[in-house]
Amino acid sequence: MDASAPPPPPAAVPAPGPLTVAVLGPGGVGGLLAALLARAGHRVICLAGPGTADHLARHGLTVRSARYGDFTAPVTAGTGLGEPVDACLITVKHTALPAALERIPPAALGEGLLLPLLNGVEHPALLRGRYAPRRVVAAAIRVESTRTAPGVIEHTSPFAGIDAAAPAGAPDAVRSRLAGLAAALTAAGVRTTLREDEAAVLWSKMAFLAPLALLTTRYGEPVGGIRSGHRAELRALLAETVAVAAACGAPADAAELLGFWDALPAGMKSSMQRDAEAGRPLELDAIGGALLRAAEAHGIPVPTAAALVAALPG
């Protein structure tokens with residue numbers, strides 16, 4: 001692959017003009033998206049702590065990826081948003097979200113969209129309590145990408161894609177801006193699909209993510225070890241999460257999800273497993289806790305999920 005140019009966009013997706021995009025949390029996911037957008041010609045502002053911001057301003061972001069090639073992209077960086085942007089991608093861990101949001105004063109965001117790419121399903125409500133509700137887009141990303149050193153991102157999955165849905169009742173200006181952002185991300189190499197139902201966007205990912213995060217973290221094994229050594233528990237947990245997802249407005253099929261599991265790289269790990277291995281705080285409440293709360297709200301028994309959540313450090 002030519003590392004100097006991004007993969008071409010699908011023919012049906014128009015390439016937008018240059019955007020200004022802020023990225024709150026330029027780690028594994030945020031750093032990858034920031035680098036790809038910057039390489040595609042967009043102005044990217046990475047928001048991080050002083051040390052990280054200074055490093056990125058001087059050295060840019062380096063990506064190592066079998067899919068996108070190895071490249072370094074220059075970015076603007078700072079500790080807080082000080083100008084309007086077309087969009088702000090929120091890619092911090094859920095455990096760091098409250099403190100990180102101090103870097104985005106509502107007045108500084110202007111007319112920009114907020115696109116949170118966090119694990120879990122409860123964060124849009126939190127963000128809509130702080131920012132203009134109709135500018136907070138529900139979204140989910142499918143990718144395995146890790147920051148291995150300051151400003152260095154290793155993208156290890158053979159896939160990277162985003163689903164997004166504008167809030168119900170969003171004005172045409174918001175939908176148009178979201179369409180432009182989706183086109184920019186797709187042209188940069190991350191196919192972004194716009195959906196109509198935000199519950200389906202969030203819970204379709206949750207039905208896959210919760211089993212992945214809980215099982216890999218509980219047993220300290222990657223995907224291959226879970227599907228071979230803990231298959232009965234995997235089947236049970238998929239059935240539970242599919243039942244909760246359906247009750248929340250996102251019908252899913254457990255057999256289809258199991259087939260997707262069987263196609264994943266055997267060495268794939270969840271981000272929560274990586275956090276556990278590194279001694280970092282876990283997003284257990286945002287993933288497992290949210291699943292249990294939704295199950296209780298709909299009267300759905302989830303004994304497998306409850307046992308796994310109880311076995312992990314909160």
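All values below come from the heavy atoms of this structure, side chains included, with hydrogens, waters and symmetry mates left out.
- Salt bridge present: Glu277 and Lys269 bring a charged side-chain N and a carboxylate O closer than 4.0 Å.
- Taking each heavy atom of Gly220 and Gln273 in turn, the nearest pair found is C-NE2, 3.5 Å.
- Between Ile226 atom CD1 and Arg218 atom CZ the span is 10.0 Å, to the nearest 0.5 Å.
- For the salt bridge (Lys or Arg N to Asp or Glu O under 4.0 Å) test, residues two or more places apart in sequence or in another chain that qualify with Glu144 are Arg274.
- By the 4.5 Å heavy-atom criterion applied to side chains, Leu89 and Leu37 are counted as neighbours.
- A side-chain donor-acceptor contact under 3.5 Å links Thr91 to the backbone of Gly25.
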Run the side chain to side chain contact (heavy atoms under 4.5 Å, CB included) test on Met272 and Leu284 for me, step by step, so that the C-alpha distance in whole Å, both residues' side-chain angles and the decisive distance to 0.1 Å come before the verdict. CA-CA 8 Å; Met272 192 158 80; Leu284 183 62; 4.2 Å; yes
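- In the model, Thr304 has a side-chain atom that pairs as donor or acceptor with a side-chain atom of Glu240 under 3.5 Å.
- For the atom pair CD1 (Ile287) and CG (Leu212), the distance works out to 8.5 Å, reported to the nearest 0.5 Å.
- In this structure a side-chain-to-backbone donor-acceptor pair under 3.5 Å is present from Arg227 to Trp261.
- Side-chain atoms of Lys205 and Ile141, non-hydrogen and from C-beta on, do get closer than 4.5 Å to each other.
- Under the 3.5 Å distance criterion, the side-chain polar atoms of Asp70 are matched with a main-chain donor or acceptor of Ser65.
- When atom types are taken as modelled, the side chain of Thr186 and the backbone of Thr192 share a donor-acceptor pair closer than 3.5 angstrom.
- Hydrophobic clustering, with ILVMFWY side chains joined whenever heavy atoms are under 4.5 angstrom apart, groups Val242 together with Leu292.
- The residues Glu102 and Arg130 are annotated as salt-bridged, a charged nitrogen and a carboxylate oxygen being separated by less than 4.0 angstrom.
- The two residues Leu234 and Pro211 come nearest to each other via the heavy atoms CD1-CB, 4.4 Å.
- The minimum heavy-atom distance linking Cys248 with Ala294 is given by the pair SG-CB, 4.0 Å.
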Would you check, one step at a time, whether the test side chain to side chain contact (heavy atoms under 4.5 Å, CB included) holds for Asp197 with Trp203? CA-CA 10 Å; Asp197 187 342; Trp203 277 99; over 6 Å; no
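- Under the 4.5 Å side-chain criterion, counting only non-hydrogen atoms from C-beta, Leu117 is in contact with Leu33.
- With hydrogens and angles ignored, the 3.5 Å screen pairs no side-chain donor or acceptor of Arg39 with any backbone N or O of Phe71.
- Following chains of ILVMFWY side-chain contacts shorter than 4.5 Å, one can reach Leu181 starting from Val29, so the two form part of one hydrophobic cluster.
- Here the options are Thr216, Asp275, Asn119, the test is side-chain hydrogen bond (donor to acceptor under 3.5 Å, both in side chains), and the partner is Ser270; only Thr216 passes.
- Ion pair Glu83/Arg43 flagged as a salt bridge, since at least one NZ, NE, NH1 or NH2 atom sits closer than 4.0 Å to an Asp/Glu carboxylate oxygen.
- Side chain of Arg135 to main chain of Gly112: no donor-acceptor pair is present (N/O by atom type, distance under 3.5 Å, no hydrogens or angles).
- Side chain of Ser176 to backbone of Asp172: no donor-acceptor contact under 3.5 angstrom is found.
- Under the 3.5 Å distance criterion, the side-chain polar atoms of His155 are matched with a main-chain donor or acceptor of Ser157.
- Following chains of ILVMFWY side-chain contacts shorter than 4.5 Å, one can reach Leu81 starting from Leu126, so the two form part of one hydrophobic cluster.
- The cluster map of Ile, Leu, Val, Met, Phe, Trp and Tyr, joined by side-chain heavy atoms under 4.5 Å apart, puts Leu24 and Leu113 in different clusters.
- Separating the NE2 atom in His94 from the NE2 atom in His123 is a distance of 6.5 Å, to the nearest 0.5 Å.
- Across all their heavy atoms, Ala138 and Val201 have their closest contact at O-CG1, 4.1 Å.
- Taking 4.5 Å as the limit, some side-chain heavy atom of Cys46 sits within range of a side-chain heavy atom of Leu61.
- Side-chain contact between Met268 and Thr156 is absent, with no heavy-atom pair separated by less than 4.5 Å.
- Closest approach of Ala73 and Ala35 over heavy atoms only: CB-O, 3.7 Å.
- Nearest heavy-atom pair across Ile153 and Ser145 is CG2-OG, 3.2 Å.
- In this pair, Phe208 and Phe260 present their aromatic rings perpendicular. The plane angle is above 60°, beyond the 30 to 60° band.
- Taking CD1 of Ile162 as the reference point, atom CZ of Arg191 lies at 12.5 Å (rounded to 0.5 Å).
- In summary, of the residues considered (Leu114, Leu127, Val92), a side-chain contact (heavy atoms from CB on, under 4.5 Å) with Leu101 occurs for Leu127 alone.
- Distance CG/Leu291 to CG/Asp285: 11.5 Å, rounded to 0.5 Å.
- With respect to Leu238, the side-chain contact (heavy atoms from CB on, under 4.5 Å) criterion is satisfied by exactly one of Asp253, Leu258, Leu215: Leu258.
- Here the side chain of Arg128 pairs a donor or acceptor atom with the backbone of Val136 at under 3.5 angstrom.
- Under the 3.5 Å distance criterion, the side-chain polar atoms of Asp86 are left unmatched by any main-chain donor or acceptor of Val21.
- Going from atom CD1 of Ile45 over to atom CG of Leu56 covers 13.0 Å, rounded to the nearest 0.5 Å.
- Using a 4.5 Å heavy-atom cutoff, the side chains of Arg177 and Glu111 are in contact.
- Under the 4.5 Å side-chain criterion, counting only non-hydrogen atoms from C-beta, Glu221 is in contact with His230.
- No side-chain heavy atom of Val302 sits under 4.5 Å from any side-chain heavy atom of Leu237.
- Val23 and Leu109 end up in different hydrophobic clusters when Ile, Leu, Val, Met, Phe, Trp and Tyr side chains are linked at under 4.5 Å.
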